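First comes the structure, then the notes that go with it.
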Amino acid sequence: MASSPPAAPSNFLRDIIAEDVKSGKHGGRVQTRFPPEPNGYLHIGHAKAICLDFGLADEFGGHTNLRFDDTNPEKEDIEYVESIKNDVNWLGFRWDGLYYASDYFGQLYEWAIKLIKDGNAYVDDSSAEEIRKNRGTLTEPGKDSPYRNRSVEENLNLFERMRAGEFPDGSRVLRAKIDMSSPNLNMRDPVMYRILHARHHRTGDKWPIYPMYDFAHGQSDSLEKVTHSMCSLEFADHQPLYNWFIAQLGIFPSRQIEFDRLSLTYTMMSKRKLRRLVEEGRVTGWHDPRMPTLSGMRRRGYTPEAIRNFVTAAGVSRTNGIVELAMLEHFVREDLNKRALRVMAVLKPLKIIIDNYPENQVEEMDAVNNPEDASAGTRKVPFSRVLYIEQDDFREDPPKGYFRLSPGREVRLRYGYFITAKSLVKNEKGELIEVHCTYDPATRGGNSPDGRKVKSTIHWVSAAHAVDAVVRNYETLFSKENPDDVAPGQDFTANLNPNSLEVIADAKLEPSLASAAVANRYQFERLGYFCVDPDSKPGKPVFNRTVALKDTWAKVERKHKG
RNA sequence: UGGGCCGUCGACUAAUGGUAGGUCAAGUGCCUUUGGAGCACUUUGUCUAGGUUCGAAUCCUAGCGGCCCAGCCA
């Protein structure tokens with residue numbers, strides 16, 4: 001059972017849409033789109049945009065398209081479009097229309113011709129360097145290009161020849177004729193088309209010229225009759241241009257609305273930097289469970305419900321904030337608590353021998369699969385004379401407040417018996433090898449008939465029945481909340497957490513886990529949530545720790561140590 | 001420095017001129033065959049200074065602080 005999503009708080013996007021619907025704008029119709037560029041994998045930041053684009057449209061009975069903004073063939077690849085489709089679906093959303101900006105190359109070309117004929121666009125022979133120089137600066141206006149006042153005929157002729165592939169890359173561009181002295185740099189005769197003799201993953205070699213984002217995005221929205229085009233804050237300066245093209249072309253007036261991106265502590269959303277991590281081998285790939293990509297989180301064991309609930313709870317505004325990772329982890333635990341089956345697993349084994357338990361006896365103990373969900377039923381767990389418990393669950397010299405096993409103390413083995421530690425065996429180096437205990441046969445199942453209480457219940461696995469497993473524990477990829485907070489001369493890689501991955505080669509699992517299917521999620525009692533990694537082999541499962549359980553004792557101990 | 005956007009508990013976010021509320025985090029207690037979960041409670045906030053108003057987080061002015069923009073990337 002998935003957790004119920006938090007009540008959606010009001011936000012300015014919903015307010016705008018609600019008002020438009022109420023006033024009957026566009027006949028009350030709501031159409032949105034999610035427009036990724038297929039040049040990388042989707043991350044948790046995109047999940048916010050996806051939830052907004054799909055979620056808001058859905059709330060108002062509207063529709064959402066998935067549109068690939070594939071106007072830069074040099075960076076894009078079919079691999080990315082497939083992963084993006086997969087991730088959107090995994091998150092739980094279904095698009096109405098599937099489009100590509102490249103579907104519109106023909107129409108865009110026609111519209112460029114119209115702008116030229118109307119005297120609103122011109123071919124510029126300047127080099128990129130010259131264009132940059134003439135653009136001016138933040139404080140100084142730009143200068144008109146010497147090619148700005150070419151005749152319509154000449155512009156038409158040149159642009160048609162650009163399209164025909166007559167000119168080399170970078171030799172000319174088509175520019176909108178707006179205002180070289182605008183305080184908004186985007187309005188200083190922005191480039192509409194560049195020459196790029198590059199093979200496009202969908203249109204092949206058909207086009208030697210490609211439209212820029214600014215000459216594709218708004219028009220694509222318009223073609224799809226998008227009513228509310230939501231994008232991130234850094235595009236706010238592009239809105240006047242977005243509107244300008246729509247007005248000059250006299251086409252459907254889509255409206256752009258900007259919102260803040262999602263930022264999270266201890267990670268980063270920059271595709272460029274994530275790509276570096278992948279390419280430099282700092283992680284195992286885009287799917288590495290430490291990555292903030294949706295594919296990484298999926299492999300880590302995060303659920304789509306948890307991510308959606310988190311995104312909703314984090315909200316949306318126009319403020320640049322950074323959400324604490326702890327909040328995401330809260331929603332992951334909340335969701336998994338309700339759905340994950342409980343099992344017993346010992347990550348760092350310590351051998352326990354119950355001296356007064358019959359040598360060859362095995363008992364099948366009843367264990368509850370999920371205390372949050374009675375319908376999950378029960379299972380049998382074998383109990384025998386030699387067990388493993390967690391090394392952390394025994395202290396020869398227990399500190400104050402430590403309730404677990406220690407010499408002379410009695411604890412409960414979950415679903416098993418009360419046991420008391422009697423003696424220790426150490427190796428020649430003085431390291432603890434095994435603990436000899438006695439058990440109380442009257443406490444089977446974990447209850448004492450005399451009403452005797454123990455302060456602690458610990459988990460265990462029967463040594464003879466244990467399944468060996470590899471367990472990968474993850475910490476944050478970066479050791480600083482803000483990975484970009486570095487000393488001069490360093491970059492974000494200096495903040496990589498050297499302990500972000502801990503591989504445990506010899507964890508001991510209860511036998512029910514021998515055939516756990518890939519991607520299945522479990523709670524290892526008292527430890528955390530874990531899911532089965534695709535690297536698993538028959539008889540040798542590999543588990544990823546999704547998130548640890550809250551650890552009150554660790555907190556207490558930390559405080560005592562100061 | 002020109003333009004744009006934005007400043008509310010430690011974090012995120014509501015309050016649409018009329019009781020500053022919610023979630024996370026932190027803390028306390030209860031409960032517990034997971035030191036889990038759950039339940040109850042608690043702490044902390046409107047960037048500053050003026051102004052308008054019966055009344056300002058909200059409107060106005062100024063200041064301070066942050067983010068974005070000078071790709072033939074998106």
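Keep in mind that this is a model prediction, so the values were computed, not measured. Letters A, B, ... are given to chains in the order of the sequence lines, protein chains preceding strands, and every chain is numbered from 1.
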Handout entry: Phosphate OP1/OP2 of rA26(B) contacted by K555(A) side-chain N/O (<4.0 Å)
Key = yes
Handout entry: Reference residue Y41(A); test side-chain hydrogen bond (donor to acceptor under 3.5 Å, both in side chains); the match among R275(A), E79(A), K271(A)
Key = E79(A)
Completion exercise
In B/S/- notation (B base, S sugar-phosphate only, - none; protein heavy atoms under 4.0 Å), nucleotides 65-74 of chain B written 5' to 3' is --SBBBSBSB
Practice task
Ignoring hydrogens and angles, state whether a donor on the side chain of S126(A) or D124(A) is under 3.5 Å from an acceptor on the partner side chain.
Solution key: yes
Completion exercise
Out of rG10(B), rA37(B), rU34(B), minimum distance to the side chain of E324(A) belongs to rG10(B)
Handout entry: Spacing of the C1' atoms in rG55(B) and rC67(B) (rounded, Å)
Key = 34 Å
Problem - Rounded distance in Å between the C1' positions of rU52(B) and rG17(B) - result: 11 Å
Problem - Residues Y210(A) and E74(A): side-chain donor-acceptor under 3.5 angstrom - result: no
Handout entry: Chi class for rG71(B): syn within 90° of 0, otherwise anti
Key = syn
Exercise for the section: Between rA14(B), rC5(B), rU16(B), spot the one nearest the side chain of D15(A), thanks. Expected result: rU16(B)
Exercise for the section: Grab the CD-P distance between E481(A) and rC12(B) for me, whole Å please. Expected result: 10 Å
Handout entry: hbond_proxy R404(A) side chain to rG35(B) base (donor-acceptor, 3.5 Å cutoff)
Key = yes
Problem - Salt-bridge present (R33(A), E224(A); N to O < 4.0 Å) - result: no
Exercise for the section: May I ask you to check whether over 12 heavy atoms, not counting those of E364(A), lie within 6.0 Å of atom CD? Expected result: yes
Practice task
Can you tell me the distance, in whole Å, between the CG atom of L336(A) and the C1' atom of rA37(B)?
Solution key: 13 Å
Problem - Under 4.0 angstrom between S10(A) side-chain N/O and rA15(B) OP1 or OP2 - result: yes
Practice task
Write down the distance separating the C1' atoms in rC60(B) and rU28(B), rounded off to the nearest Å.
Solution key: 46 Å
Exercise for the section: Would you mind reading off the distance between F12(A) atom CZ and rU58(B) atom C1', rounded to a whole angstrom? Expected result: 17 Å
Exercise for the section: Please identify each residue that fulfils side-chain hydrogen bond (donor to acceptor under 3.5 Å, both in side chains) with D450(A), with sequence neighbours left out. Expected result: S448(A), R452(A)
Handout entry: rU58(B) and rU42(B), which share atom name P, separated by this distance in whole Å
Key = 28 Å
Problem - Distance in angstrom units between K559(A) NZ and rG27(B) C1', rounded - result: 8 Å
Handout entry: Contacting residues from residues 452-460 of chain A, given that a heavy atom lies under 4.0 angstrom of RNA chain B
Key = T457(A)
Exercise for the section: Please check if atom CZ in R261(A) has more than 12 non-hydrogen atoms from other residues, nucleotides or ligands closer than 6.0 Å. Expected result: no
Problem - Check: S220(A) side chain, A101(A) main-chain N or O, donor-acceptor pair, under 3.5 Å - result: no
Problem - Below 4.0 Å: OP1/OP2 of rG35(B) and any side-chain N or O of R526(A) - result: yes
Completion exercise
From CG of L328(A) across to C1' of rU23(B) the rounded distance in Å is 14 Å
Exercise for the section: Using distance alone, with no hydrogens and no angle criterion, decide if D366(A) and T378(A) have a side-chain donor and acceptor under 3.5 Å apart. Expected result: no
Problem - Integer-rounded Å distance: rA26(B) P and E329(A) CD - result: 11 Å
Exercise for the section: Provide, to the nearest angstrom, the distance between the CD1 atom belonging to I322(A) and the P atom belonging to rC6(B). Expected result: 19 Å
Handout entry: Given rA25(B), rU34(B), rU13(B), the nucleotide with the shortest approach to the side chain of S317(A)
Key = rU13(B)
Problem - Rounded interatomic separation in angstrom, taking CD from E372(A) and C1' from rU34(B) - result: 11 Å
Exercise for the section: Please tell me which of the listed nucleotides, rC24(B), rG36(B), rG7(B), lies nearest to the side chain of T319(A)? Expected result: rG7(B)
Exercise for the section: Flag the pair R163(A) and E160(A) as a salt bridge only when some basic side-chain nitrogen lies within less than 4.0 angstrom of an acidic carboxylate oxygen. Expected result: no
